[in-house]
Number of protein chains: 2
Amino acid sequence: MEHSGGASHSESLLFLTDDQLRKGIEAMFFAYRGFTADPDRILEGMDYGRAHHRALHFIHRSPGTTVNNLLAILGVTKQSLNRVLRGLIEDGLVESRVGRADKRERHLHLTKKGGDLERSLSDAQRARMRAAYRAAGPGAVQGFRQVLEAMMDDSTRRQYQSLKETSL
Amino acid sequence: MEHSGGASHSESLLFLTDDQLRKGIEAMFFAYRGFTADPDRILEGMDYGRAHHRALHFIHRSPGTTVNNLLAILGVTKQSLNRVLRGLIEDGLVESRVGRADKRERHLHLTKKGGDLERSLSDAQRARMRAAYRAAGPGAVQGFRQVLEAMMDDSTRRQYQSLKETSL
DNA sequence: GTTGGAAAGTCAACAAGGCTGACATAAACT
DNA sequence: AGTTTATGTCAGCCTTGTTGACTTTCCAAC
């Protein structure tokens with residue numbers, strides 16, 4: 001058992017056994033389920049799903065963002081995003097305003113109704129994150145974020161970081 | 001900027017601002033994309049997807065596991081899992097053996113071919129995890145796992161922990 | 001021994017949310 | 001004027017999840 005990939009061990013914390021890595025992988029898998037569980041519960045029954053949650057989140061986060069912008073962040077096709085946005089716009093949760101400088105662009109904003117749903121979703125998700133942070137203790141938070149950042153693709157990390165610095 | 005949700009700041013690490021929590025949430029979202037990117041790339045083109053990867057992973061992890069066992073771990077319906085398993089069995093990646101003690105049960109094992117694919121998938125995923133751990137540094141790894149564990153649902157955490165202690 | 005119920009498998013239908021390709025429109029750029 | 005860009009839309013497909021209904025197998029309790 002242990003270090004099945006060959007090479008000698010020694011618990012020098014920067015030599016990482018396959019077993020340590022596997023635990024991290026499984027933790028990531030199981031934790032993501034918890035991460036999405038509360039919003040999923042809120043959304044089930046409504047006509048919406050995880051894709052709607054993501055759109056609401058990033059529109060809330062960057063009000064006035066364009067469709068193209070959102071596409072880049074979400075990493076899906078415009079057809080896929082369009083289906084989601086159409087529903088949100090029809091139901092009056094999102095407002096699509098023609099750009100002033102560039103009239104081809106649509107700038108997206110949450111309505112009162114959209115903002116309300118976004119808040120209930122993010123409240124639930126934040127509550128879980130807060131509880132996890134508290135349970136793990138002060139030191140853990142930084143490590144958590146560092147590993148997650150390092151796990152991203154380079155292009156994703158750039159998006160995350162430019163987003164990170166944008167105040168809400 | 002910062003602490004948009006009101007309340008005073010002070011970086012007392014256990015007072016968590018909405019902004020800190022939001023960063024964690026977005027990090028989780030973006031990191032999960034990276035987490036699945038490499039296996040997804042390997043599987044595209046084959047007839048398989050993420051669901052097949054998960055089945056292969058946990059069968060490799062707990063050889064001889066029953067279908068019911070796997071259902072509980074994966075958290076999907078038997079119909080959904082069955083479709084995935086059927087494909088893997090037909091293609092000779094997974095072997096389904098009738099239980100000796102209880103002949104209703106099917107015990108699942110990877111074949112040579114299934115083991116090969118599982119290895120290539122987990123090699124890729126481990127490589128990314130290893131790189132992330134290295135980049136984040138020794139201290140970060142523990143914090144990462146602690147927060148993820150705390151983020152899981154209680155029942156999921158129990159599964160994770162009993163799995164965690166099982167040596168491979 | 002018969003029967004009740006659990007484990008497993010199967011069929012059918014459906015939904016969400018990805019994808020591609022093709023095409024339309026308007027606006028901006030050159 | 002012609003090209004590129006931003007967006008939207010139609011049609012169709014795939015994966016992976018769902019529910020419901022039904023069968024077969026087989027253990028275990030009566």
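Reckoned from all heavy atoms, side chains included, excluding hydrogens, waters and symmetry mates.
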Scan A/Ala55 against the nucleic acid and name what it touches under 4.0 Å (heavy atoms): base, sugar-phosphate only, or nothing.
nothing
Given atom CZ of A/Arg106 and atom C1' of D/dT5, what is their separation to the nearest angstrom?
13 Å
B/Glu105 CD to D/dA28 C1', straight-line distance once rounded to whole Å
14 Å
Nucleotide D/dT16, atom C1' - distance to CG of B/Leu74 in whole Å:
12 Å
To the nearest angstrom, the CG-C1' distance between B/Leu81 and C/dT10 comes to 14 Å
At under 4.0 Å, does any side-chain N or O of A/Thr77 touch on OP1 or OP2 of C/dC19?
yes
Phosphate oxygens OP1/OP2 of C/dG17: is one of them under 4.0 Å from a side-chain N or O of A/Arg86?
no
Do any N or O atoms from the side chain of B/Thr66 and from the backbone of B/His107 form a donor-acceptor pair under 3.5 angstrom?
no
Nearest of C/dG18, D/dT18, D/dG8 to any side-chain atom of B/Val76?
D/dT18
Side chain to side chain donor-acceptor pair (under 3.5 Å) with A/Asp123: of A/Arg119, A/Arg126, A/Gln125, only one passes, and it is A/Arg126
C/dA8 phosphate, OP1 or OP2: any side-chain N/O from B/Asn68 under 4.0 angstrom?
yes
Using a 4.0 Å heavy-atom cut-off, does A/Gly75 contact any base of the nucleic acid, only the sugar-phosphate backbone, or nothing at all?
sugar-phosphate
Separation of B/Leu71 atom CG from C/dA8 atom C1', in whole Å?
10 Å
In terms of heavy-atom contacts, B/Lys113 and B/Asp91 come closest through NZ-O, 2.8 Å
Would you indicate, yes or no, if C/dA16 has its OP1 or OP2 atom less than 4.0 angstrom from a side-chain nitrogen or oxygen of A/His52?
no
Measure CD/A/Gln79 against P/D/dC10 and give the value in whole Å, please.
12 Å
Looking at the side chain of A/Asn82, which of C/dA8, C/dC11, D/dG8 is the nearest nucleotide?
D/dG8
Closest nucleotide of DNA chain C for B/Ile89 versus for A/Ser80: which of these residues is on the 5' side?
B/Ile89
Could you give the CG-to-C1' distance, from B/Asp102 to C/dG5, as a whole number of Å?
13 Å
Any Lys/Arg nitrogen of B/Glu26 or B/Arg22 sitting under 4.0 Å from an Asp/Glu carboxylate oxygen of the other?
yes
Run the salt-bridge test on B/Arg158 and B/Asp154 with the 4.0 Å N-O cut-off and return the result as yes or no.
no
Comparing A/Arg104 with A/Arg54, nearest DNA chain C nucleotide closer to 5' gives the residue A/Arg54
Check the distance between D/dG17's P and B/Lys78's NZ and give it to me in whole angstrom.
17 Å
Is the base of D/dG17 touched by the side chain of B/Arg83 through a donor-acceptor pair closer than 3.5 angstrom?
yes
Pick base, sugar-phosphate or nothing for A/Arg50, based on heavy-atom distances below 4.0 Å to the nucleic acid.
sugar-phosphate
